[in-house]
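Reading through the C-alpha cells given below for one structure.
When a ligand or atom number is given, it counts from 1 through the structure's own listing order. All values below come from the heavy atoms of this structure, side chains included, with hydrogens, waters and symmetry mates left out.
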Amino acid sequence: MITFHQVHKHFGRLHVLKDINLTIGQGEVVVVVGPSGSGKSTLLRCINKLETISEGELTALGVRLSDKKADINKLRRDIGMVFQHFHLYPHMTVLDNITLAPIQVLGMKKADAQDAARYLLAKVGIPEKAESYPSQLSGGQQQRVAIARGLAMKPKVMLFDEPTSALDPEMIGEVLDVMKTLAREGMTMVVVTHEMGFAREVAHRIIFMDEGRIIEESEPEAFFTNPREARAKLFLSRVI
Ligand code: ADP
Ligand code: MG
C-alpha cells in the first residue's frame with residue numbers, strides 16, 4: 001500500500017528524514033515511535049503529500065507521489081488522517097461535520113451520507129451525538145467524531161498522528177478502543193503514538209525513529225522485551 005525507497009526530506013537546511021526505507025502492506029498496523037522531533041509527523045505527512053519529499057521515491061496506493069500527473073486529491077480521499085487536535089468545524093453539528101466531504105467531494109446524496117454517518121457514529125460509540133456541536137462534546141468524543149469523519153470517505157489507509165496526546169487520561173482508552181476495532185477489521189493503519197500498551201497489543205510492526213532515521217523495525221514483542229538499539233532502550237525506559 002505504501003513504499004518509501006531511500007526517501008529524504010529537508011526543511012531548508014534541516015535534514016528531517018534520512019534514507020527512509022519502509023513498506024506497509026494491506027491490513028498492516030504499523031506503529032511509529034520515537035522522541036519528539038525525530039521526524040514521525042513528517043513521515044506521516046509525506047504519505048498524503050501534506051509534505052513533499054526532497055529525494056527518493058514514495059508510492060502510496062500505486063501512485064508515485066513525485067509524479068506530476070499524480071491525482072493527489074484522489075489519493076487524499078483514499079487516505080484518512082486523524083490529528084492530535086481534532087480540527088472539527090465548530091459551527092457545524094457532528095452529523096454535518098461527518099457528511100460534508102462525502103456530499104461535497106464524493107457527491108453522495110445527503111440522506112445516504114447521513115445514514116452512513118449515523119452508522120459510523122454508532123460504531124465509534126456515540127450514536128446520540130449526531131445533532132450536537134463539537135463544543136458540547138468531551139475531547140475523547142470529539143476525537144471519535146474525527147475518526148468517524150475520516151472513515152466516512154471509505155479510506156483504504158488511515159494515518160493517526162498522536163490521536164490521544166491532547167486528551168485527558170480518562171478519555172484515551174475510548175479512542176484507542178475505536179482504533180483497536182479498526183485494526184481488527186483489517187484497516188491498514190500507520191499510527192504515531194506514545195501509547196505503548198496499544199502499540200504492543202495492536203501493532204504488527206513497530207518503527208522506532210531517531211533524528212530522522214528509522215533506527216529499529218521490529219515485531220512488538222521483540223521491540224518491547226529486547227530492543228536491539230541502545231537509543232530504543234533509552235526511549236522505552238523513559239516512556240514505560
Ligand atoms: P516528530 O513528529 O517526531 O516530533 P516532526 O516530524 O514534527 O517530528 O519534526 C521533525 C523536525 O522537522 C523537527 O526538527 C521540526 O522542528 C522540523 N519541522 C517540522 N515541520 C517543519 C516545517 N514545516 N518547517 C521547518 N521545520 C519543520
Ligand atoms: Mg509529531
Open item on the list: Between Val145 and Val178, is there shared hydrophobic-cluster membership here, with clusters defined by ILVMFWY side-chain heavy atoms closer than 4.5 Å?
Closed with: yes

- [ ] Work out how many protein N, O or S atoms lie closer to the Mg ion (ligand 2) than 2.8 Å.
- [x] 1

Task: Nearest heavy-atom neighbours spanning Gln143 and Val82 - done: OE1-CG1, 3.4 Å

Task: Student check: side-chain heavy atoms of Leu17 and Cys46 closer than 4.5 Å - done: yes

Task: Name of the residue among His204, Met187, Met189, Met1 meeting side-chain contact (heavy atoms from CB on, under 4.5 Å) with Glu28 - done: His204

- [ ] Could you tell me which residues satisfy side chain to side chain contact (heavy atoms under 4.5 Å, CB included) with Glu221, sequence neighbours excluded, listed by chain and number?
- [x] Arg200, Thr225

Open item on the list: With a 4.0 Å heavy-atom cut-off, what residues sit around ligand 1?
Closed with: Phe11, Leu14, Val16, Pro35, Ser36, Gly37, Ser38, Gly39, Lys40, Ser41, Thr42

Open item on the list: Taking the side chain as everything from C-beta on, heavy atoms only, tell me whether Val31 gets closer than 4.5 Å to Phe198.
Closed with: yes

- [ ] Kindly give the heavy-atom pair with the smallest separation between Leu50 and Arg76, and that separation in Å.
- [x] N-NH2, 4.0 Å

Open item on the list: Test of understanding: with salt bridge (charged side-chain N to carboxylate O under 4.0 Å, His left out), list the residues that count as partners of Glu216, not counting sequence neighbours.
Closed with: none

Task: Nearest heavy-atom neighbours spanning Ala60 and Ile47 - done: CB-O, 4.0 Å

